[in-house]
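Structure record follows, encoded as structure tokens.
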Amino acid sequence: MLINRASDIPSSEITSEGIYHNRREFIKTASAAVAAAATGLLLPACTEAAAPQLPGKQPGKYDTNEKMTPYEDVTTYNNFYEFGTGKDEPAKLSRSFKPLPWTVAVEGLVKKPAVYAYDDLIKGLTMEDRVYRMRCVEAWSMVIPWLGFPLADLIKKLEPLPSAKYVEFTTLNAPDRMPGQRPSFFGGGLKWPYVEGLRMDEAMNPLTLLATGLYGKALPNQNGAPIRLVTPWKYGFKGIKSIVKIRFVDKEPGNTWKLTGPSEYGFFANVNPTVDHPRWSQASERRLGEFLKRKTLMFNGYAEQVAQMYSGMDLRKNY
Ligand code: MTE
């Protein structure tokens, strides 16, 4: 999704199958070390991070029963430009990042604004495992078992004022800790900090999570430790990582990819296979680890849960 890349995405959207399999062989031996290094502070036993499963998990109301993308792929094929623009860079360049201690500032049109210590922010909220399909705007997808809590539960706890119509999220801005933010890095042409936003009804939708983990484990740095947004019916770029600020506002906030390339990215970013990206089709996708492409579904298959929020809106215009 580099904004000034001349070529279209299909050739580069995904590692070629051959390289992919070689990489997997390499990853098999290296992933335990990588994952452990990335999450070492947060995990009780480093070696457990290699191939976690979800033993005994009953499929929940919102879970897809599609095959989960292997942990090693979920944690080594990432977009997190604060740690580099290559898919393999976030895992490598975030190894020494220490997500804790962490604070989240709650600001704006809300009854309980404060700078919350991470533990206080999530206190009393019920964690759930949710297996979601995730679709990146670059036409690849994954199935990820997230661990997190509904954003709606936090919003209720924070008590926004009736005038709050949107929620704005901001990622940590710390070039000393996030090498991709240093001027010496190209950084994909993004302006820091990374920002995103949701309309209040989207933020309150039961599908919307704040994730603090995946595969039942603490969130690896490269996936947005310690806390990130997950909206499975939207393209992946809405899933802002390593959130340090949540602000309740009355006007549509800016979001980084729209601010960077307004002709290519919108605010809503709903997965809509009928609206092409200006440089490539969105009609199909490649599930990571699979060879053949599959058809992309409207709202990424979550129409039943989310379509009503957009009734009356022209989703070709409001992309
Ligand atoms: N959040 C921040 N702060 N910086 C980023 O570069 N990339 C986005 C999103 N959140 C990004 C971000 C994009 S483009 C995608 S596809 C998802 O994170 C990828 O999440 P994953 O690496 O956990 O699969």
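Basis for what follows: all heavy atoms, side chains included, without hydrogens, waters or symmetry-related copies. Start at 1 and go down the list; that is how both ligands and their atoms are numbered.
- The protein non-hydrogen atom at the shortest distance from atom 1 (N) of ligand 1 is Lys241 N, 3.2 Å.
- Of all the heavy atoms of Asn79, the ones lying under 4.0 Å from any atom of ligand 1 are found in both the backbone and the side chain.
- Residues Ser141 and Arg287 bring a donor and an acceptor atom of their side chains to less than 3.5 Å of each other.
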task: Begin from the C-alpha positions of Lys245 and Glu168 and carry the test salt bridge (Lys or Arg N to Asp or Glu O under 4.0 Å) through to its verdict.
output: CA-CA 8 Å; Lys245 189 158 70 178; Glu168 180 194 68; 5.4 Å; no
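- Under the 3.5 Å distance criterion, with hydrogens and angles disregarded, a donor-acceptor pair is assigned to the side chains of Tyr310 and Glu202.
- For the residue pair Arg247 / Thr170, no side-chain donor-acceptor distance below 3.5 Å is found, with atom types taken as modelled.
- When hydrogens are left out, the protein atom nearest atom 17 (C) of ligand 1 is Gly236 O, 3.4 Å; that is the closest non-hydrogen contact.
- At the shortest separation from atom 6 (O) of ligand 1 among protein heavy atoms lies Tyr81 N, 2.8 Å.
- For Gly239, the heavy-atom gap to ligand 1 drops under 4.0 angstrom.
- For atom 16 (S) of ligand 1, the nearest protein heavy atom (residue, atom name, distance) is Cys136 SG, 3.3 Å.
- Counting heavy atoms under 4.0 Å from ligand 1, residue Glu138 does not touch it at all.
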message: For a salt bridge (Lys or Arg N to Asp or Glu O under 4.0 Å) check, start with the C-alpha distance between Glu66 and Arg133, then their side-chain angles and the critical distance, and finish with the verdict.
response: CA-CA 8 Å; Glu66 288 165 78; Arg133 280 183 296 274; 2.6 Å; yes
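- Distance from atom 14 (S) of ligand 1 to its nearest protein heavy atom, with residue and atom name: Met1 SD, 3.2 Å.
- Taking a cut-off of under 4.0 Å to the non-hydrogen atoms of Phe80, the atoms of ligand 1 that pass are 2 (C), 3 (N), 4 (N), 5 (C), 6 (O).
- Under 4.0 Å from ligand 1, the heavy atoms of Tyr194 that appear belong solely to its side chain.
- Closest to atom 4 (N) of ligand 1 among all protein heavy atoms lies Glu82 OE1, 2.7 Å.
- Here is the list of ligand 1 atoms found below 4.0 Å of a heavy atom in Asn223: 21 (P), 23 (O).
- Within the 4.0 Å heavy-atom shell around ligand 1 one does not find Lys238.
- In summary, the side chains of Glu138 and Asn79 do present a donor paired with an acceptor at a separation below 3.5 Å, with no hydrogens or angles considered.
- For ligand 1 and Thr171, the ligand atoms under 4.0 Å from any heavy atom of the residue are 3 (N).
- If you check the side chains of Gln282 and Arg135, you find a donor sitting under 3.5 Å from an acceptor.
- Separation of atoms CG (Leu190) and CD (Glu82) is listed at 7.5 Å; rounding is to 0.5 Å.
- Using a 4.0 Å cut-off between charged nitrogen and carboxylate oxygen, Lys157 and Asp153 do not count as a salt-bridge pair.
- From the protein, the heavy atom lying nearest to atom 24 (O) of ligand 1 is Asn78 ND2, 4.1 Å.
- Side chains of Tyr132 and Trp233: no donor on one and acceptor on the other come within 3.5 Å.
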